[in-house]
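I have placed the structure first, in the form of structure tokens, so that the comments after it can refer back to it.
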Amino acid sequence: MSLTKKSLTKKSLIRKSRAEKSLLARASAADEPVAKAATSLSGDLVGDHGVGVGVGDGVGDGEGAVTGDRKLPLLALLALATAVFITSLTETLPAGLLPAMSADLRVGESATGQTITVYAIGTALTAIPLTAATSAWRRKRLLLASMAGFAVANTVTALSGNYPLTMAARFGAGVAAGLAWALLAGYARRLAPAHLQGRAIAIAMAGIPVALSLGVPAGTFLGRAVDWRAAFLVMTALTLALLSWIAASVPDRPGQGRGGRTPMAAALKVPGVSPVLFVTLVFVLAHTILYTFIATFLDAVGMGGSTGLVLLVFGAASLVSIWVVGAQINRRLRALTIAGTLLVAVAAAALAALSDSTAVVYAAVTLWGLGWGGIPTLLQTAVGDAGGEHADAAQAVLVTLWNVAMAGGGVVGGILLSLLGPASFPWSVLLLLVPVLLVVLAARANGFPTRREGAA
């Protein structure tokens, strides 16, 4: 190497060292929120040991630091998407297997339906305390533990002939889901360069519509063709394969140091967090009321035999929504959230007023999927942005409220069905989305800002 090249290399290293020291002075812990803050201040990403890594230099710290090729780690993100798929499908799978499960467990279908409710309760009750208790765990270790929990819970569910044991297994699956939901969005963010973090979350969250549109019908078909227990055993096999995939392909990230853990109350005081959490609670409640009882609603309008096709249309539209949101979220989070709310509202209005037309129902379900599909990504990104250094705590609260809303949707929907009939479902969605839209519009400074920090 020439003297000139050596001199240039030395100067480059000195400049990089100074940049790292400056970054370390601003961020002493290597957790996700601090990495995010450091990213916005210096344009660098923080590696596992707090070492500044330039986005363009391709230098890592040897332990899973984000490297500088400015590309998404697709293999790792697809593993996270599969984890989301398993988490979502494990929750909803019993919906298509209720008659067979009820017969084997010797209880009524309404009682078997509570296997979904107890899952949501398990998540809601344990997401915050377990997130706090495991905040110092390395992220890969925590993800492996949560997926192993699903493998155990689904195996017990498949082998159980006892209703209380089945309910206990479903509650355990909900606990595993609480850990997974609080972890997955933040993990996806930390695997991606700053300018692609929204897209990384969109890829990971694509597992939700795939589970709802393809996983539930496939599980229902398998349960009818073979046995309902086979569907849960296939879930176990898929989870075991995913554990190997994660171990081989997903980079690790550190947890929070003891000094970096955030009380949940502190996260709620951060400007912008509360509006996002309110929107999450009410939007998910509105969606769940209609989605949980969609078969009942379709039966009432003379389309009871088309439930599978309607759900397939909804899922396909949701996948399109995920793609659009992933491509545009970095620059248009606010506009996409408003658009999603309006699309679901228009769909609800159409179902409420014009459901006697089959074509209108399919068009409305398409709009519903286009509006809803990207909402999980938008809300998780919004709460992470608003939370800043308290992002992990804010995510845990969001997960809890999400599952409270899911459990509440079943309860509220059941009450509406008893008192007003299935025609009340779309009207209730429309009514609930009014405050959602107003809060999103009002939170233009914090929560759903007109411009995201660091947006390219």
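Computation of the quantities below employed the complete heavy-atom set of this structure, encompassing side-chain atoms and omitting hydrogens, waters and symmetry-equivalent molecules. One is the number of the first residue; the rest follow in order along the sequence.
Summarising the geometry of T157 relative to A169, their closest heavy-atom pair is OG1-CB, 3.5 Å, with the distance given to 0.1 Å. The minimum heavy-atom distance linking L72 with A192 is given by the pair CD2-CB, 3.6 Å.
With R170 contributing its side chain and T115 its backbone, the two residues share a donor-acceptor pair below 3.5 Å. One N or O on the side chain of R229 and one on the backbone of S160 form a donor-acceptor pair closer than 3.5 Å. Proximity of a side-chain donor or acceptor of R190 to a complementary backbone N or O of P254 within less than 3.5 Å is detected. Between the T123 side chain and the G174 main chain, a donor and an acceptor come within less than 3.5 Å of each other. Between the side chain of T90 and the backbone N or O of T87, no donor-acceptor pair lies under 3.5 Å. At least one donor-acceptor pair closer than 3.5 Å links the side chain of K140 to the backbone N or O of A247. Remark: the backbone N or O of I329 is not paired with any side-chain donor or acceptor of R331 at under 3.5 angstrom. In this structure, the side chain of S88 does not engage the main chain of V84 through any donor-acceptor pair within 3.5 Å.
Here the OG1-CG distance, from T337 to L378, works out to 4.0 Å after rounding to the nearest 0.5 Å. Distance check, rounded to the nearest 0.5 Å: OG of S424 to CG of L417 gives 7.5 Å. Note that the CG atom of L130 and the OG atom of S146 stand 11.0 Å from one another [nearest 0.5 Å]. Rounded to the nearest 0.5 Å, atoms CG (L80) and CG (L75) are 10.0 Å apart. Summarising the geometry, atom CG belonging to L184 is positioned 10.0 Å from atom CG belonging to L179; distances are rounded to the nearest 0.5 Å. Between L93 atom CG and I86 atom CD1 the span is 12.0 Å, to the nearest 0.5 Å.
Ring geometry for F314 versus H287: interplanar angle under 30°, hence parallel rather than tilted (30 to 60°). Ring planes of W228 and F232: perpendicular class, angle over 60° (limits at 30 and 60°).
A heavy-atom distance below 4.5 Å is not found between the side chains of V279 and T341.
For S274, the side-chain hydrogen bond (donor to acceptor under 3.5 Å, both in side chains) test picks out no residue, with sequence neighbours left out. For R334, the salt bridge (Lys or Arg N to Asp or Glu O under 4.0 Å) criterion is met by no residue, not counting sequence neighbours.
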